[in-house]
Amino acid sequence: MELRSLNLNLLVHLDALLSHRSVSGAAEELAVSQPSMSAALARLRRHFGDELLRRRGSRYELTALAEELRPAVAGAIAGLEGVFGHRTAFEPAASRREFRLLASDFWLDVMGPALSRLVSEAAPLASVRFELLRGWEPEDPLEGLRSVDGMLAPHGVLSGPPHLDLLRTEWRCITSRDNRRVGAAPDPRALAALPWVVYADRFPAVADPGTSIVMRQLRFAGIAPRAVVTVGTFSAVPAFIEGTDRVALVHRSLAERARDLHRLRVFAPPFPVGEVRQAFWWHPRLAQDRAHRWLRAVLRRAAAEVAAGVPGFDLVGGSTRPAETGVGSRDQRAVVAPP
């Protein structure tokens, strides 16, 4: 097979069809008519000798071959964008690009101010749009990243795509200062018997609070807590602790900030828990995007500022020099775990 005999525009059409799993969605992304996209799908079906998209009820699903093609197509698109992206250098001072980032309320509060300020200082005509994770409900997490510049989320929430590790923090237990049910030396069994406040986001796949990252940490330690309050915003958890006999597990920085505001007692968990490692995740197609590479360097600077100025955070790697993995797992498939 010779490339000269192929219309490379079909690669772009194939990428959109595999992403949206529908002719209408692909046509809308590429701003072409549905008949034009249908014609492209017909040519692709003839080329591969496969349906690629198969109707199942009122929806379309990818065939086995289409699933196999997805990582190869994503890599080919990224390669082409890398080649043609060398046409011009990225100039922050003149850029009007809008960077779209997904984040939970907690990580937006932690990273957002520093990041937006650093972007504005270097690229005054550019902008940053932050969107909350709880409104992000893709069928395929990797394809969901295609429409944004990236996601701020800890390991355990997402795995697979390329990522840049940023910050490290620890877990802390919080309870009300006047909670007499928690002794001077908290016992895991005593804590397990208390009512708990837990955070669980509203992704359809993780709607069960029992599968949230907090509950998984607790169950890993052999604790099966009774959740009496479940909230969809992590930063709200301390307010539901004050003046009650409840207990919760939160990030150290949140516990320290809320200690005096909500009259909390903060202590290290008397059971084993892992660390929290915050990262920035993006779609492989952006790996060589010059503006995106600049954004990742700015994110690293923002993380260094947070680590230096906010108690409870450490910069991953202990250096302000931008460092990134550049690639995700071998098959580039994203997996969403409960936040």
Quick one: pull up [atom1] in [X] and [atom2] in [Y] and give me the separation to the nearest 0.5 Å.
X      : Y      : atom1 : atom2 : answer
Trp196 : Leu249 : CH2   : CG    : 5.5 Å
Ser116 : Leu108 : OG    : CG    : 9.0 Å
Leu14  : Asn9   : CG    : CG    : 12.5 Å
Leu11  : Leu69  : CG    : CG    : 10.0 Å
Glu29  : His20  : CD    : NE2   : 3.5 Å
Ser104 : Leu152 : OG    : CG    : 8.5 Å

Using side-chain heavy atoms (C-beta onward) and a distance below 4.5 Å, is [X] in contact with [Y]?
X      : Y      : value
Val148 : Phe99  : no
Leu264 : Thr175 : no
Met151 : Leu101 : no
Gln278 : Pro154 : yes
Val73  : Leu18  : yes
Leu145 : Pro161 : yes
Val306 : Leu166 : no
Val198 : Val229 : no

Query raised in the report: Between Arg168 and Leu315, is a side-chain contact (heavy atoms from CB on, under 4.5 Å) present by the stated rule, with each step listed?
Result: CA-CA 6 Å; Arg168 181 189 299 110; Leu315 187 68; over 6 Å; no
Excluding sequence neighbours, so at least two apart, what forms salt bridge (charged side-chain N to carboxylate O under 4.0 Å, His left out) with [X]?
X      : answer
Arg117 : Glu121, Glu305
Glu28  : none
Arg181 : Asp245
Asp50  : none

Query raised in the report: Should we count CZ of Phe240 as having more than 12 external heavy atoms under 6.0 Å?
Result: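 Result for CZ/Phe240: open.
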Report task. Would you indicate whether Glu91, at its atom CD, is surrounded by more than 12 heavy atoms from other residues, nucleotides or ligands within a distance under 6.0 Å? Result ->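 Counting neighbours around CD of Glu91, 12 or fewer heavy atoms of other residues, nucleotides or ligands fall under 6.0 Å, so no.
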Report task. Please collect all salt bridge (Lys or Arg N to Asp or Glu O under 4.0 Å) contacts where either partner lies in residues 246-255, sequence neighbours excluded, each pair once. Result ->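 Non-adjacent pairs meeting salt bridge (Lys or Arg N to Asp or Glu O under 4.0 Å): Glu170-Arg252.
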Please check if the side chain of [X] supplies one atom and the backbone of [Y] the other of a donor-acceptor pair under 3.5 Å.
X      : Y      : result
Trp281 : Ala153 : yes
Asp165 : Ala279 : no
Thr169 : Gly312 : yes
Trp171 : Gly274 : yes
Ser176 : Glu242 : no

Query raised in the report: Among Val12, Leu44, Leu52, Leu10, whose side chain to side chain contact (heavy atoms under 4.5 Å, CB included) with Leu17 holds?
Result: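 Of the listed options, the one satisfying the test is Leu44.
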Requested in this report: Report yes or no: is the cationic atom of Arg45 (NZ for Lys, CZ for Arg) closer than 6.0 Å to the six-membered ring centre of Phe48, at no more than 45° off its axis?
Outcome: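 Here Arg45 fails the 6.0 Å and 45° test against Phe48.
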Requested in this report: Using the six-membered ring of Trp282, assess whether NZ or CZ of Arg146 lies under 6.0 Å from its centre and within 45 degrees of the ring axis.
Outcome: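 So Arg146 doesn't make the cation-pi contact.
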Return yes if a side-chain donor-acceptor contact under 3.5 Å exists between [X] and [Y], otherwise no.
X      : Y      : answer
Asp149 : His283 : no
Tyr60  : Arg55  : yes
Arg43  : His47  : no

Can you list the residues that meet the side-chain contact (heavy atoms from CB on, under 4.5 Å) rule with [X], with sequence neighbours excluded?
X      : result
Ala239 : His262
Ser127 : Glu98
Arg259 : Arg177, Glu256, Val266
Arg96  : Leu125

Report task. Step by step, work out the side-chain contact (heavy atoms from CB on, under 4.5 Å) result for Val247 and Ile174. Result -> CA-CA 6 Å; Val247 66; Ile174 58 174; over 6 Å; no
Query raised in the report: Can Arg56 and Glu61 be said to form a salt bridge (charged side-chain N to carboxylate O under 4.0 Å, His left out), step by step?
Result: CA-CA 7 Å; Arg56 178 66 62 89; Glu61 64 178 20; 3.1 Å; yes
Requested in this report: Show the numbers, then the answer: is there a salt bridge (charged side-chain N to carboxylate O under 4.0 Å, His left out) between Glu68 and Arg70?
Outcome: CA-CA 6 Å; Glu68 292 180 12; Arg70 287 178 58 205; over 6 Å; no
Report task. Name all residues meeting the ring-ring contact (aromatic ring centres under 6.0 Å, His included) criterion together with Phe313; count only those two or more places apart in sequence or in a different chain, and write none if there are none. Result ->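 Residues passing ring-ring contact (aromatic ring centres under 6.0 Å, His included) with Phe313: Trp107.
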Report task. List in chain and number order the residues that pass ring-ring contact (aromatic ring centres under 6.0 Å, His included) with Phe234, two or more places apart in sequence or in another chain; answer none if no residue qualifies. Result ->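 Applying ring-ring contact (aromatic ring centres under 6.0 Å, His included) to Phe234 gives Phe106, Tyr199, His251.
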Query raised in the report: Stepwise, does the side-chain contact (heavy atoms from CB on, under 4.5 Å) test hold for Leu167 with Met111?
Result: CA-CA 10 Å; Leu167 294 166; Met111 289 286 296; 3.7 Å; yes
For [X] versus [Y], what's the shortest heavy-atom pair and its separation?
X      : Y      : result
Phe130 : Gly112 : CZ-CA, 3.8 Å
Cys173 : Pro269 : SG-CA, 3.9 Å
Ala287 : Arg296 : O-NH2, 3.1 Å

Requested in this report: May I have the step-by-step check of salt bridge (charged side-chain N to carboxylate O under 4.0 Å, His left out) for Asp289 and Arg97, ending in yes or no?
Outcome: CA-CA 12 Å; Asp289 183 294; Arg97 178 159 171 169; 3.1 Å; yes
Residues 31-39 side chain polar contacts: donor-acceptor under 3.5 Å, at least two apart:
unit_1	atom_1	unit_2	atom_2	d
Ser33	OG	Ser36	N	3.2
Ser38	OG	Gln34	O	3.0

Query - Working for side-chain contact (heavy atoms from CB on, under 4.5 Å), residues Leu191 and Val182 - result: CA-CA 7 Å; Leu191 293 179; Val182 179; 4.3 Å; yes
